[in-house]
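Order of appearance sets the numbers: ligands from 1, and atoms from 1 within every ligand.
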Amino acid sequence: MRPWEAYFRRVVPYVPGEQPQGSRLIKLNTNENPYPPAPGVAEALKHMDAELFRKYPDPAAAGLVKALADRYGLGMDQVFVGVGSDDVLAMAFLTFFNSGKPVLFPDVTYSFYPVWADLFGIPYETPALDEEFRINPRDYDRENGGVVFPNPNAPTGSFLPLEQVEDILRHNQDVAVIVDEAYIDFGGSSAISLLGQYENLLVVQTFSKSRSMAGMRIGYAFGSPALIRALEDVKYSYNSYTMNLPSILLGVEAVKDEAYFRQTTGKIVEVREKAKARFRALGFEFPDSAANFLFVKHRTVPARELFEALRRQQIYVRYFDKPRISDYLRVTIGTEEEMEALFAFLESYLN
Ligand code: PMP
């Protein structure tokens, strides 16, 4: 080791899903939306003049903040935007989890949480989900430095009913509670309705899934003005211009088109419900999912074997070689045609 290397920050990074290139593959591994963004996005892009990029964007991204505030019936002082919800969540960890007490999140959950905690030196504990991968709110009654969980959870897809989210909030009023709703638009009910009662609640959402804009990197958070102000202060202490101009302008277009949003999320839910029956018929079991993916385990065939067999067919799904979940595959809901190709292969492989 060279002497200066001794001073490096040593981290074990998060490993994002593969982004294989090519037009013939079927990509069901990173929970992207199979439909294009709202038509207004393509239209606005056509008219975007490169001259616009000469100047810095609005550091407050006010156009996008206003569009989101209007859509969700909140004040602009209750909205924070960032470069994907990963950016928003990282900023929230940095801003809110400074008590020195352990932050709580489930043992099986979004694998970025422990990475941010380690990066920022935040202690954490991971209460185990039950056998069916459900959160027990009672596990969150102990003393802690904050709580964060996705709802629906990832990679399981399980939705925690809002009464139980509120139960966790009721028992954790002295710390920030972050509900990561990356997948909420596929059937769950949002904790946004609890914002009025709990000033310590931060609800985080994203344009990457239900709004088909993973490539644009737009995430946002809703919370009390006190929480949002604190997030803004940290953001402006780090990088004022997080949101690039195309993200701001095109994000507004996506939020405007409510009909398209309902149509495409509705279609994904419909295809997901059919996929549940197909997987069941093939001998798979899974926690019930309210997300745009299913977390499936075959009765006899190991997940890793299926993962590799699918990959040879250019069908990409996600496999996590981790405790408790190494028997499972996470399969994103694609188009009807993509799911048909997946099931056609599984039928021939398994029979
Ligand atoms: N939260 C959860 C639970 C996720 O699965 C993801 C997707 N990897 C994210 C947040 C981050 O998504 P993005 O940064 O694209 O908004």
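- Under the rule for a salt bridge (Lys or Arg N to Asp or Glu O under 4.0 Å), the partners of Asp288 that lie at least two apart in sequence or sit in another chain are Lys276.
- Taking the centre and axis of the six-membered ring of Phe293, the NZ or CZ atom of Arg330 falls inside the cone set by 45° and 6.0 Å.
- Using cut-offs of 30° and 60° on the angle between ring planes, the pair Phe112 and Tyr110 is perpendicular.
- Legend: residues meeting salt bridge (Lys or Arg N to Asp or Glu O under 4.0 Å) with Lys256, ordered by chain and number and at least two apart, are Glu253.
- Ordered by chain and residue number, the residues placing a heavy atom less than 4.0 Å from ligand 1 are Gly84, Ser85, Asp86, Leu89, Tyr110, Pro150, Ala154, Asp180, Ala182, Tyr183, Thr206, Ser208, Lys209, Arg217.
- The two residues Gly251 and Met213 have their closest heavy-atom pair at N-CE, 4.3 Å.
- Among residue pairs with one or both ends in residues 184-243, those qualifying as ring-ring contact (aromatic ring centres under 6.0 Å, His included) are Tyr56-Tyr241, Tyr72-Phe222, Phe207-Tyr220, Tyr220-Phe222; sequence neighbours excluded.
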